[in-house]
Every structure is written in structure tokens, then in C-alpha cells.
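One structure is given below, encoded as C-alpha cells.
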Amino acid sequence: MAHDGTSAATTQVAGTSDVIEQLAGITPGSKLAQLRAERPVLVKATQGSHEALFEPEDLGGVSHRERDGLALRVAVLTPSPKLVAWHRARLTGQGEGAATIAAFGQGPDGAGLTTREVALLRHADILANTPGEATPANIAALKAAGFTPRDIVTISQLIAFVSFQARLLVGLRLVGEEA
Amino acid sequence: MSTEKLQFTRDFVTWKPWVETVDEVGPNEEQAALVQKVAPNPKNREYYATLAHDVPALRERTLIFNEIMAGRGGAARADRELAAVATSRINGCVFCASVHARAHAQISKDATLVDRLLNEGVSAEQPEHERAIIDYSVKLTRDPAGLTAADLKPLRDAGFTDAQILDINNAAAVFAWANRLMQTIGESVAPVAE
């Protein structure tokens with residue numbers, strides 16, 4: 001692999017506008033860049049989804065810390081080393097300490113998490129690994145922790161999007177490795 | 001909720017939400033317009049009326065889904081549908097599998113392959129071309145980090161180009177998303193006996 005997760009995540013500071021390009025280590029003019037350019041709607045809307053879920057104009061009832069903490073746990077479970085590094089770096093950038101970031105990575109048993117965060121991470125654990133095992137009780141648990149229907153939709157989209165993003169990156173990695 | 005697991009089927013399965021839809025709580029203008037646009041068919045309305053609580057997320061997701069499943073060029077549409085069905089079969093989404101099995105049967109004008117996938121599972125016997133798509137989708141669903149370039153060989157041997165491989169990969173990937181959404185905020189409901 002040309003870029004490991006850590007270097008991809010640190011290049012975020014330099015700031016390009018395309019998260020997948022950074023995480024996959026895609027350079028202009030490369031085979032992967034040309035292949036991606038064949039589906040411009042996909043490129044644009046994948047970035048658009050990232051922004052809608054992680055940098056929305058209106059956060060509703062789900063904070064930046066909760067969004068990136070949830071995504072970190074999904075990335076740990078999937079697993080996706082690049083997305084793990086990426087969300088750790090984002091949490092650090094938000095001023096979160098190493099202990100909090102480690103707790104999100106550990107999931108519902110992580111030390112020092114709020115009741116809301118524990119509820120979120122329980123939801124992530126069910127969905128990331130056994131998506132067919134969710135029940136209405138999981139929704140009730142999120143409501144009991146204070147999340148609104150809108151928040152629950154956002155949380156579910158976020159978990160599902162990270163599951164997608166991780167696999168999109170795998171396709172690019174494999175086709176890139178073959179070159 | 002249902003007490004026993006539904007069977008995979010090509011019949012019309014319905015879906016019911018576990019979360020209030022925007023229709024129930026009173027949609028704002030933006031939500032109403034988006035639901036009308038993405039779900040003109042009332043049969044599908046409840047799913048999109050649930051997702052419309054978060055308008056930007058639904059808008060972007062719809063663009064991605066439509067481009068991956070129906071965008072011009074690249075992998076044959078039947079092949080993308082097959083990746084969707086195989087992924088849904090593993091993840092347990094009976095609704096998703098039924099919709100995309102019907103699409104596969106309609107496009108390929110042959111229901112036998114996809115019926116075998118639904119009834120017997122992802123290991124059921126298939127022709128080489130379909131075998132390569134199903135096996136790749138299963139690996140991507142179960143162990144994305146464990147895949148290496150060597151896992152592309154069956155697709156290469158079956159004649160898939162780089163762009164077509166990415167399309168198959170992305171069809172399976174977008175069902176990692178769809179299966180999780182559909183099975184988190186609601187559930188598949190068995191077809192009503194005629």
C-alpha cells in the first residue's frame with residue numbers, strides 16, 4: 001500500500017476536498033484517478049455524504065464528538081484501518097484526549113463514556129457486525145437515551161455509510177495493488 | 001415484530017418502519033419535496049419518508065445508490081443486481097433481496113440463477129461468471145480487510161475490466177449500507193397470501 005492510514009489522515013490537515021482520494025492515496029493522473037473520473041456523480045455524492053453526516057449545517061441532536069466516535073467504532077469493527085486512523089485524527093482535531101478516543105474504539109464498555117455514548121456504541125456494535133439482528137428494542141434504547149427520530153435516522157445513516165465507505169476503499173485498494 | 005425469520009423470496013415483500021415517518025409528524029417543505037422525488041411510487045414511500053428526517057443524508061445517498069446501480073457504462077446491470085442480492089442474502093435483508101432478485105430476473109430474462117441464490121444461499125451452484133460476482137461480494141461483505149488483489153483473479157478470469165470490478169465492488173458496498181439502514185429503522189414484512 002502506498003499510504004498507510006496515519007499518513008492519509010494527517011494529510012487532511014493540508015486539506016483537499018475529497019476524503020476518499022486522501023484515504024486511498026490517489027494521485028492525479030493515476031489509473032485510480034482515471035477510473036474514479038468515470039463516475040463523477042459517485043465521487044461527488046460520496047464526498048457529499050461525508051459532509052452531510054460529519055460536517056452538516058445542522059447537527060440536530062448528535063454532536064461532532066458522537067458522530068466521529070460512532071464512526072471510529074464502526075471502523076474498528078469492520079475493520080478499516082484507514083478509517084480508524086481518520087476518525088481518531090478528527091477526534092484529536094476536535095480536542096478530544098487519547099483516553100476518550102481509546103474508549104470510543106473499545107465500544108460500549110469503554111471507560112468514561114456518557115450514557116448517550118454507550119447507547120450509540122451498542123447500536124453500532126449490532127449494526128456493524130450483525131445487521132440482521134436489530135430489533136425495535138434497539139430503537140427504544142436510543143430514544144430512552146434522549147435521541148429523537150431524526151437523530152436515530154442520522155445515526156443509522158452514519159453507521160451504514162461508514163460500512164459502505166470502508167468497502168469502497170477496499171475496491172480501490174485491490175485495483176491499485178494490481179497495477 | 002415478527003417472531004420467526006422470513007424466507008428469502010422473489011415475491012413482493014413489504015417493509016414497515018420502527019421510527020415515525022416524516023409523514024406522521026408533518027413533513028417540512030424540503031422533506032415533502034424530496035420524498036415525492038425519490039419515492040414517486042407510494043409502495044416505497046414509508047422507507048424514504050423515514051429517511052427524510054435527515055434530508056442532506058438522504059439526498060446524497062440517493063445519488064450514490066442510483067449511480068452505482070444504474071449509471072451508464074461499466075458492469076452489466078444484471079451483474080450489479082446480482083452483487084446486491086448476494087450481499088443482502090448474507091446480511092439477511094429479505095426486502096432488499098426480493099427487490100433486486102426481481103430486477104436481476106427481469107434484466108437477465110432468467111430467474112433460475114437468482115432463485116437458486118435466494119433458496120439455497122451463496123454457495124449454491126452457479127455458472128463461472130455469476131460465481132465470481134457472488135464470491136467477491138461475499139468476501140467484501142464478511143471480511144473487507146482480508147481481501148487482497150488475488151481475490152480479483154476469478155473476476156479477471158471471467159473477463160471483468162478495472163471499471164467493471166469497481167462497479168461490482170461498489171454494488172456490494174452500497175448494499176452494506178442499504179441492508180444496515182433497512183434492518184435498523186424497520187423490518188421486512190412477509191408478502192400477503194393472495
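Worth knowing before you read on, the calculation uses all heavy atoms, side chains too, and leaves out hydrogens, waters and symmetry mates. Numbered from 1 within each chain, the chains take letters A, B, ... in sequence-line order.
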Pick one of side chain, backbone, both or neither for A/K143, based on which atoms fall under 4.5 Å of a heavy atom in chain B. side chain

Below 4.5 Å from any heavy atom of chain B, which atoms of A/T154 appear? Answer side chain, backbone, both or neither. both

Checking heavy atoms, do the side chain of A/E133, its backbone, both or neither come under 4.5 Å from chain B? side chain

Backbone of B/N41 reached by a side-chain donor or acceptor of B/R45 within 3.5 Å: no

I'd like to know which of B/N91, B/L147, B/N179, B/D151 tops the heavy-atom pair count under 4.5 Å against chain A. B/L147

For B/F8 against B/V94, the heavy-atom pair lying closest together: CE2-CA, 3.9 Å

Could you tell me which of B/I185, B/L51, B/V25 has the largest number of non-hydrogen atom pairs under 4.5 Å with chain A? B/L51

What is the ring orientation for A/F164 with B/W177, classed by angle as parallel under 30°, tilted 30 to 60°, or perpendicular over 60°? tilted

Contact part of A/I155 toward chain B, heavy-atom cut-off under 4.5 Å: side chain, backbone, both or neither? neither

Among the listed options B/G146, B/A150, B/P56, B/A57, the residue most often paired with chain A at heavy-atom distances under 4.5 Å: B/A57

Among A/Q157, A/E38, A/Q34, which has the most heavy-atom pairs under 4.5 Å with chain B? A/Q157

Max heavy-atom pair count under 4.5 Å with chain B, selected residue of A/L172, A/L127, A/V41, A/L35: A/L127

If I measure from the heavy atoms of chain B, does A/A140 come under 4.5 Å with its side chain, its backbone, both, or neither? neither

With the side chain counted from C-beta on, respond yes when B/T184 and A/H123 share a heavy-atom pair under 4.5 Å apart, and no when they do not. yes

Just so I understand: if I count every heavy-atom pair under 4.5 Å between each of A/R36, A/R39, A/Q165, A/R150 and chain B, which residue has the most? A/R39

Keeping the roles fixed (side chain from A/K31, backbone from A/V175), state whether a donor-acceptor pair exists under 3.5 Å. yes

Looking at chain B, which one of A/P56, A/P131, A/A166, A/G132 has the largest number of heavy-atom pairs inside 4.5 Å, strictly under? A/P131

Top of B/A178, B/G74, B/G92, B/A176 for chain A proximity - count of heavy-atom pairs under 4.5 angstrom: B/A176

Can you tell me which portion of B/I64 sits under 4.5 Å from chain A's heavy atoms? Options are side chain, backbone, both or neither. both

Would you confirm whether the ring centroid of A/H87 sits within less than 6.0 angstrom of the ring centroid of A/F54? yes

List the steps, then state whether salt bridge (Lys or Arg N to Asp or Glu O under 4.0 Å) holds for B/D11 with B/R102. CA-CA 8 Å; B/D11 291 345; B/R102 287 195 297 278; over 6 Å; no

Count the heavy-atom pairs under 4.5 Å between each of B/P144, B/C93, B/A172, B/A149 and chain A, then report the option with the highest count. B/P144

Assert top hit (heavy-atom pairs under 4.5 Å, partner chain A, pool B/D162, B/I168, B/L63) equals B/D162

N-O pairing of A/D68 and A/R73 below 4.0 Å: no

What pair of heavy atoms forms the shortest contact from B/E130 to B/L82, and how long is it? CG-CD2, 3.5 Å

Taking it one step at a time, do A/R116 and A/E66 satisfy salt bridge (Lys or Arg N to Asp or Glu O under 4.0 Å)? CA-CA 9 Å; A/R116 280 166 61 91; A/E66 287 169 337; 3.0 Å; yes

Portion of B/F175 that has a non-hydrogen atom of chain A nearer than 4.5 angstrom: neither

Chain B heavy atoms under 4.5 Å from A/I139: which part of the residue, side chain, backbone, both or neither? side chain

Using non-hydrogen atoms only, which part of A/L53 is less than 4.5 Å away from chain B: side chain, backbone, both, or neither? side chain

For the residue pair A/Q47 / A/E51, report whether a side-chain donor-acceptor contact shorter than 3.5 Å exists. yes

Where does B/R59 contact chain A at under 4.5 Å (heavy atoms): side chain, backbone, both or neither? neither

Is there a salt bridge (Lys or Arg N to Asp or Glu O under 4.0 Å) between A/R90 and A/E96 once you walk through the steps? CA-CA 9 Å; A/R90 283 179 56 89; A/E96 301 296 343; over 6 Å; no

Atom group of B/D167 that falls short of 4.5 Å from chain A, counting heavy atoms: side chain

Donor-acceptor pair, side chain of A/E55 and main chain of A/H50, under 3.5 angstrom: no

Toward chain A, the part of B/I165 with a non-hydrogen atom under 4.5 Å: side chain

